[in-house]
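On a predicted model such as this, the values are computed, not experimentally measured, just so you know.
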Amino acid sequence: MAAQSHLPLLLLLSFLAVVSAHNITDILAADPQYSDFNNFLSQTRLADEINTRQTITVLVLNNAAFSAVADKHPLSVVKNLLSLHILLDYFDNNKLHQITNGTTLSTTLYQTTGTANGNVGSVNITDLKGGKVGFGSAASGSKLDSTYTKSVKQIPYNISVIEISAPIIAPGILAAPPPSANLNITALIEKAGCKTFASLISTNGLIKTFQSTADKGLTIFAPNDEAFKARGVPDLSKLTNAEVVSLLQYHATPKYLPVGSLKTTKDAINTLASNGAGKYDFTVSTAGDSLTIHTGVDSSRIADTILDSTPLSIYSVDSVLLPPELFAKSPSPAPAPEPASAPSPSPGPTPAEAPSPLPASPPAPAGETPAGAPADAPSSAAERSTSPGKNDGVHVKASAVLTVTVTALSALLISTTFM
């Protein structure tokens with residue numbers, strides 16, 4: 001009995017535990033001035049890492065402060081930079097101004113990557129007094145180039161989001177070479193059974209575009225060799241050079257889209273072929289673990305992941321993706337005109353011979369329906385008698401649900417009272 005009496009309390013605690021879970025994407029989405037920072041957290045999948053941590057602080061930058069650095073570097077470097085702004089501890093306004101001895105070093109997510117030497121993966125937080133708190137790299141000789149601006153969101157002691165004035169730059173963090181510099185995209189695609197596609201992007205000069213775009217984020221959907229042999233695939237030799245290039249560009253999007261991002265993407269996805277003349281986009285649907293691309297002309301299943309490493313994803317697909325801008329289905333042909341040899345109808349009476357119109361028939365008596373009248377259109381009276389019935393059905397269902405709910409609550413209260 002005692003165990004049963006604690007059941008409502010346990011349910012409440014379980015509910016509160018679920019509510020306390022945080023989502024950094026939703027937190028930052030409430031303020032558009034953090035949209036760039038928020039988008040890059042999603043692109044690099046750091047948002048998922050943040051959401052799985054129970055104690056964490058995110059040092060967020062507004063669009064102006066963040067884009068000044070992010071726009072100049074490849075996505076892999078931006079990911080490292082963002083990781084340095086994610087502290088593996090909880091700091092809110094009060095704690096920042098009550099730091100023991102006025103200064104502390106906090107480990108960041110960048111330290112967990114294994115590429116940070118010494119204190120490069122930590123942040124120096126110092127109370128500068130007068131209401132100011134400074135932030136900088138913990139590496140020896142680094143300056144406190146950033147200061148605490150304001151509190152954005154706190155869920156004690158789970159997550160704290162605070163704004164700082166400028167990016168924290170650790171020594172060497174911006175000097176990493178682009179990951180595509182030593183990556184052979186063509187060889188990866190060929191090895192995965194997509195030799196025809198690899199040959200096409202090489203001979204049409206697309207590999208250079210892919211290589212340069214990969215630094216900022218790129219996802220390639222490579223049709224396998226069987227896809228080019230399938231029925232309905234257009235004869236590429238009948239396309240102009242510009243159309244072939246657009247078709248190949250349609251198989252890549254200038255974003256890093258890992259599987260998790262593809263599963264949650266609801267909007268249409270732009271491609272390298274997207275421009276003002278045509279949209280050249282597609283959508284993705286999910287069914288369990290299966291992902292399907294829909295172009296508007298055909299659809300294709302994503303068969304396998306060839307590569308998934310920030311900032312580049314490469315997938316093999318079962319079909320050639322056909323953009324409607326190039327391969328829209330033609331409309332049905334209009335009906336052919338009547339042949340000229342068809343006999344013409346007999347001439348009608350001339351205006352002079354036309355019979356005078358018959359007098360209007362008297363109105364039918366009220367309540368009578370002529371034989372053969374159409375029965376598919378309900379009368380206004382029938383509509384009036386049908387509508388209340390529909391509303392009553394909804395009302396009865398709602399009342400039944402309410403009755404069951406009240407009865408259940410009453411039983412719970414009674415059983416709790418007499419325990």
Roughly how far, to the nearest 0.5 Å, is the [atom2] atom of [Y] from the [atom1] atom of [X]?
X: T253; Y: K255; atom1: OG1; atom2: NZ; result: 6.0 Å
X: I24; Y: N38; atom1: CD1; atom2: CG; result: 7.0 Å
X: I50; Y: R53; atom1: CD1; atom2: CZ; result: 10.0 Å
X: T295; Y: L322; atom1: OG1; atom2: CG; result: 6.0 Å
X: E163; Y: N62; atom1: CD; atom2: CG; result: 5.0 Å
X: N158; Y: H22; atom1: CG; atom2: NE2; result: 5.0 Å

Side chains of [X] and [Y]: closer than 4.5 Å at any heavy-atom pair?
X: I162; Y: L96; value: yes
X: T108; Y: L87; value: yes
X: L236; Y: L200; value: yes
X: L109; Y: L88; value: yes
X: F40; Y: L75; value: yes
X: D289; Y: K263; value: yes
X: I302; Y: V259; value: no
X: I27; Y: Y34; value: no

Any sub-3.5 Å donor-acceptor pair from [X]'s side-chain atoms to [Y]'s backbone N or O?
X: N63; Y: P32; answer: yes
X: S199; Y: K195; answer: no
X: T104; Y: T100; answer: no
X: T271; Y: Y280; answer: yes
X: S122; Y: L105; answer: no
X: S299; Y: H294; answer: no
X: D304; Y: S316; answer: no
X: S319; Y: S300; answer: no
X: S142; Y: A139; answer: yes

> What's the verdict on side-chain contact (heavy atoms from CB on, under 4.5 Å) for V78 and F66, showing C-alpha distance, side-chain angles and the deciding distance?
Replying inline: CA-CA 10 Å; V78 175; F66 182 66; 3.9 Å; yes
Quiz question: by atom type and distance under 3.5 Å, do the side chains of [X] and [Y] form a donor-acceptor pair?
X: S165; Y: T147; answer: yes
X: D225; Y: T196; answer: yes
X: N119; Y: S140; answer: no
X: T103; Y: T126; answer: yes

[X], [atom1]: over 12 other non-hydrogen atoms inside 6.0 angstrom:
X: N94; atom1: CG; value: yes
X: N241; atom1: CG; value: no
X: K216; atom1: NZ; value: yes

Do you know which two heavy atoms are closest between [X] and [Y], and how far apart they sit?
X: Y315; Y: I306; result: C-CD1, 4.0 Å
X: L144; Y: G136; result: CD2-N, 3.6 Å
X: E190; Y: A198; result: CG-CB, 3.4 Å
X: Y256; Y: D308; result: OH-OD1, 2.6 Å
X: N204; Y: V244; result: OD1-CG1, 3.8 Å
X: N224; Y: F228; result: O-CD1, 3.6 Å

> Salt bridge check: are E49 and R45 linked by an N-O gap of less than 4.0 Å?
Replying inline: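 Salt bridge absent between E49 and R45.
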> What do the steps show when you test I164 against L59 for side-chain contact (heavy atoms from CB on, under 4.5 Å), and what is the final call?
Replying inline: CA-CA 6 Å; I164 58 176; L59 306 178; 3.8 Å; yes
>> Using side-chain contact (heavy atoms from CB on, under 4.5 Å), reason through I189 and I201 one step at a time and then give a plain yes or no.
In response: CA-CA 10 Å; I189 294 175; I201 61 176; 4.0 Å; yes
>> Does L81 form a side-chain contact (heavy atoms from CB on, under 4.5 Å) with I169? I'd like the steps, not just the answer.
In response: CA-CA 7 Å; L81 182 66; I169 309 297; 3.8 Å; yes
> Mind checking whether F197 and H251 have parallel, tilted or perpendicular rings, split at 30° and 60°?
Replying inline: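 Correct class here is tilted.
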> Which residues pass the salt bridge (charged side-chain N to carboxylate O under 4.0 Å, His left out) test with D89, sequence neighbours left out?
Replying inline: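 Counting only residues at least two positions away or on another chain, D89 forms a salt bridge (charged side-chain N to carboxylate O under 4.0 Å, His left out) with K95.
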> In chain order, what residues pass the salt bridge (charged side-chain N to carboxylate O under 4.0 Å, His left out) check against D298, with sequence neighbours excluded?
Replying inline: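 Partners of D298 by the salt bridge (charged side-chain N to carboxylate O under 4.0 Å, His left out) criterion come out as none, since no residue qualifies.
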>> If the test is side-chain contact (heavy atoms from CB on, under 4.5 Å), which one of V58, L46, L61, L41 qualifies with H85?
In response: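 It is L61, the one option of V58, L46, L61, L41 that forms the side-chain contact (heavy atoms from CB on, under 4.5 Å) with H85.
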> F135 and F91: aromatic ring centres closer than 6.0 Å?
Replying inline: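 Not close enough - the centres of the two rings lie 6.0 Å or further apart.
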